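Report on the following structure.
To find a chain, count down the sequence lines: A is the first, B the second, and so on, and within it residues start at 1. Given the structure is predicted, the values throughout are model-derived calculations rather than measurements.
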Protein chains: 2
Amino acid sequence: MATLADVARRAGVSPATASRVINGSSKPVADELRERVLRAVAELRYVPNAHAQLLARPQRSVVGVVVHDVSDPYFAEVTRGLQRVATDRGRLVIICNSYRDPERELEYVEMLRGQQVAAIVLAGSGYHDVDFTTRLTEKLAAYEATGGRVAVVGRHEHPGDAVMPANDLGGRLLGEELLRQGHRQIGVIAGPRVLTTITDRLTGLRAALSDAGVPLPEEHLRYADFDRDGGARAAATLLDACPGLTALVALNDSMAVGALALLRQRGVRVPEQVSVVGFDDMPVAADVTPALTTVRLPLVELGARAMTLALDPSAGLSRVEVLPATLVRRESLGPAPR
Amino acid sequence: MATLADVARRAGVSPATASRVINGSSKPVADELRERVLRAVAELRYVPNAHAQLLARPQRSVVGVVVHDVSDPYFAEVTRGLQRVATDRGRLVIICNSYRDPERELEYVEMLRGQQVAAIVLAGSGYHDVDFTTRLTEKLAAYEATGGRVAVVGRHEHPGDAVMPANDLGGRLLGEELLRQGHRQIGVIAGPRVLTTITDRLTGLRAALSDAGVPLPEEHLRYADFDRDGGARAAATLLDACPGLTALVALNDSMAVGALALLRQRGVRVPEQVSVVGFDDMPVAADVTPALTTVRLPLVELGARAMTLALDPSAGLSRVEVLPATLVRRESLGPAPR
DNA sequence: ACGCTTCAGGTAAGCGCTTTCCTGGGCAGC
DNA sequence: GCTGCCCAGGAAAGCGCTTACCTGAAGCGT
């Protein structure tokens, strides 16, 4: 690998001069020398060593992102927003998948710190785990103490800049719509109980129901993996245990799609016999049959705002932005059969 | 940010000793000193500067990946395979989205070179653009000349290690199945004509049709954006121009889903009036209605193999692996109406 | 008791770059 | 014609780390 010294030697100038022309320094360099340096760069196919540059000129420019899984459509969307803003500002992004493993999340924060990233964005639900939360907060604090910036999306337990989807409001909207359609026997297909996102969505849903005096007994609730298959399995056990349900609330669209698949397989008609609603409004929601009634979260915007918070120095106090949830009515929710 | 020198000072040892205990060097260190160093590390929340480490011990450990767009389900899957292998081997991955912009692709290769990555994986269709291809090859050669490893997925124009999905075979499978079902008036919804992937798939399809003496006139072909909306638009113009078509071949599943949406909107029944087939077998393919008949590509495997090639030093000659395409029969393809 | 080896720990060079500070030649001013 | 200034270009320090090499004390044999 050619170094700056090689370039300088070949151009017959000092490394200082070579560096200056390569970086477009403000210091003037005679045209002839500049010409020679540029020629040497091309001939040697010289590319500056980014690490050496970072050491010499500690100008942090890359930002780290920790998500649960980029290939999950939810995070794919959030990441798109994150990337857009980062790219617009000329920042390189390092994406890390925690696969919902708290330990790995901690490791990545450490690693990103070692990479001297300018900012860390943590996207994805927090965990109901005091020990983990404490350790994470501790690590982030250490990072921030040395000038690092942190922004989170969807984690109210972090004491700093945050962008929050209105998960509880979304749950409430769903509950209200279900009631409006006459449903009283409602089953819930929830994701892992350890995720705060689940708790939040559930809280909103519960609030809507209890405001109307409709109970949500514990046996109407199933916790499963936060994906399509988890949704299908939970729907199966739920329906077996409580045959009287007229509606299924899945706490994300992937699970809802799984539930839909199971119902189709069992020959249960949606929404005539059982209604299904989802959450997130993933691109797929409009394309399944029946099209999913769901709650839309501005995912790309969530990512974009988070990156903006991470890159714009905070004024000191922590900024929390809540992005709205809106109900999207399609065909999977109908009036309750009697 | 605490440095190694800070740690050493606080522990009352030399930087060398501190470095040795932190990195678990083979050189023995007295327990008491080791203890003191570890305590200092904890107290100062010291994390080694990865860039300085890289400079001092030029051990390339991260690998760069350039994809068109991670949030596209196709690349989400490929990336998952890529990541799995990389993580298993303790490699960090830098993901770059080119958004199908050749210029950006070139820039990223340059950037990754500067980052001293151990390997570069280029995933995603190549371009029919001689100038671009030349420049890319040139840059990759420069990188490889300095010990960098390169692997590509889905680009036969790169003269090195490559993993190829059997795009042409997939096209052929689709064509044959269509013929078997009696279709003769076939429309094709293609992605951007500049992508080699499109050409390959088209070639296979054409071969199957021409083997059977069935023509594929140019006006039955539409090039559009390689996504859902592009598929919907192309389906619309195609149907308007050629009302006699009995089947639509979309060159990826996203476009197929778009076509399905358009047909539903126009009240055209699938597959009774018009059949639709896709390509890739994205997760969504099974959940749309009617479920998509499509060609499955082992996407995760594609990524995993590519990363393996990239990390295992090549024996010199270039390795090319072709991964098979298989037909997945579902409901969107039926017999041709007469 | 002396010289040797052994080995824990320290010293310092060097990774590739940026940038401050210095140098020396050219020029204007008197 | 000499002094002083300006400025292009170079020398060198230093970013944070690793590691080859050195040092000095302890331990051994004779």
Side-chain angles (χ1 to χ4, degrees), chain A residues 1-38 40-41 44-62 110-111 113-118 146-148, chain B residues 1-38 40-41 44-62 110-111 113-118 146-148:
Chain A
M1 191 85 180
T3 71
L4 184 67
D6 297 332
V7 172
R9 202 169 313 124
R10 177 175 259 255
V13 302
S14 73
T17 302
S19 171
R20 293 199 261 258
V21 357
I22 289 170
N23 297 297
S25 146
S26 59
K27 187 140 187 174
V29 172
D31 284 348
E32 204 225 313
L33 293 195
R34 142 163 302 110
E35 185 54 40
R36 294 218 305 264
V37 170
L38 260 16
V41 165
L44 295 174
R45 292 136 146 195
Y46 170 73
V47 176
N49 181 321
H51 301 289
Q53 281 187 312
L54 241 111
L55 242 205
R57 158 165 36 88
Q59 175 223 88
R60 306 165 159 203
S61 108
V62 359
E110 200 84 346
M111 188 276 290
R113 200 145 90 82
Q115 293 286 333
Q116 314 295 108
V117 297
T146 60
Chain B
M1 193 82 178
T3 71
L4 184 68
D6 297 332
V7 171
R9 203 170 311 123
R10 176 175 261 257
V13 301
S14 74
T17 302
S19 171
R20 293 201 260 257
V21 357
I22 289 170
N23 296 298
S25 144
S26 60
K27 189 140 185 172
V29 173
D31 284 348
E32 204 226 310
L33 294 196
R34 147 165 298 112
E35 183 57 38
R36 293 219 304 265
V37 170
L38 260 16
V41 165
L44 294 174
R45 292 138 144 192
Y46 170 74
V47 176
N49 183 321
H51 302 291
Q53 282 187 311
L54 242 112
L55 242 206
R57 159 166 34 90
Q59 172 224 92
R60 307 164 159 203
S61 111
V62 356
E110 200 84 349
M111 190 276 288
R113 199 145 92 82
Q115 293 287 329
Q116 314 292 112
V117 297
T146 60

Specify the residue among B:Thr17 and B:His51 whose closest nucleotide of DNA chain D lies further upstream toward the 5′ end.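 Result of the comparison: B:His51.
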Calculate the interatomic distance between [X] atom [atom1] and [N] atom [atom2]; express it in whole Å.
{"X": "B:Asn49", "N": "C:dG16", "atom1": "CG", "atom2": "P", "result": "16 Å"}
{"X": "B:Arg9", "N": "C:dT11", "atom1": "CZ", "atom2": "P", "result": "13 Å"}
{"X": "A:Leu4", "N": "D:dA12", "atom1": "CG", "atom2": "C1'", "result": "14 Å"}
{"X": "A:Arg20", "N": "C:dG16", "atom1": "CZ", "atom2": "P", "result": "20 Å"}
{"X": "B:Arg36", "N": "C:dG10", "atom1": "CZ", "atom2": "C1'", "result": "14 Å"}
{"X": "B:Arg34", "N": "C:dA8", "atom1": "CZ", "atom2": "P", "result": "11 Å"}
{"X": "A:Glu35", "N": "D:dG9", "atom1": "CD", "atom2": "P", "result": "14 Å"}
{"X": "A:Asn23", "N": "C:dG16", "atom1": "CG", "atom2": "P", "result": "17 Å"}

Given side chains that start at C-beta, do those of [X] and [Y] come closer than 4.5 Å, heavy atoms only?
{"X": "B:Asn49", "Y": "B:Thr3", "answer": "no"}
{"X": "B:Arg20", "Y": "B:Val13", "answer": "no"}
{"X": "B:Val37", "Y": "B:Val29", "answer": "no"}

Go through [options] for me and flag the one nearest to the [X] side chain.
{"X": "A:Leu55", "options": "D:dT19, D:dC15, C:dC15", "answer": "D:dC15"}
{"X": "A:Ala56", "options": "C:dG16, D:dG9, D:dT18", "answer": "C:dG16"}
{"X": "B:Val13", "options": "D:dC17, C:dG10, C:dT18", "answer": "C:dG10"}
{"X": "B:Pro48", "options": "D:dA11, D:dA8, D:dC17", "answer": "D:dC17"}
{"X": "A:Ala16", "options": "D:dG16, C:dT19, C:dT11", "answer": "C:dT19"}
{"X": "B:Ser19", "options": "C:dC17, D:dA12, D:dT19", "answer": "D:dT19"}
{"X": "B:Leu33", "options": "D:dT18, D:dG9, C:dG9", "answer": "C:dG9"}

Phosphate OP1/OP2 of D:dG16 contacted by B:Gln53 side-chain N/O (<4.0 Å):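 Negative; the distance criterion is not met.
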Is B:Ser14 close enough to C:dG10 that one of its side-chain N or O atoms is under 4.0 Å from OP1 or OP2 there?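 Yes, within the criterion.
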For B:Ala18 and for A:Pro15, find the nucleotide of DNA chain C with the closest heavy atom, then tell me which residue's nucleotide is more 5'.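 Taking each residue's closest nucleotide, the earlier one in sequence belongs to B:Ala18.
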I'd like to know whether A:Gln115 forms a side chain to side chain contact (heavy atoms under 4.5 Å, CB included) with A:Val62, so could you lay out the CA-CA distance, the side-chain angles of the two residues, the decisive distance to 0.1 Å, and finally the verdict. CA-CA 9 Å; A:Gln115 293 286 333; A:Val62 359; 5.9 Å; no
Is a donor-acceptor contact shorter than 3.5 angstrom present between the side chain of A:Arg57 and the base of C:dG16?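 Answer no: no donor N or O sits under 3.5 Å from an acceptor.
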Spatial distance of atom CD (A:Gln59) from atom CD (A:Gln53) [nearest 0.5 Å]: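 The distance works out to 8.5 Å.
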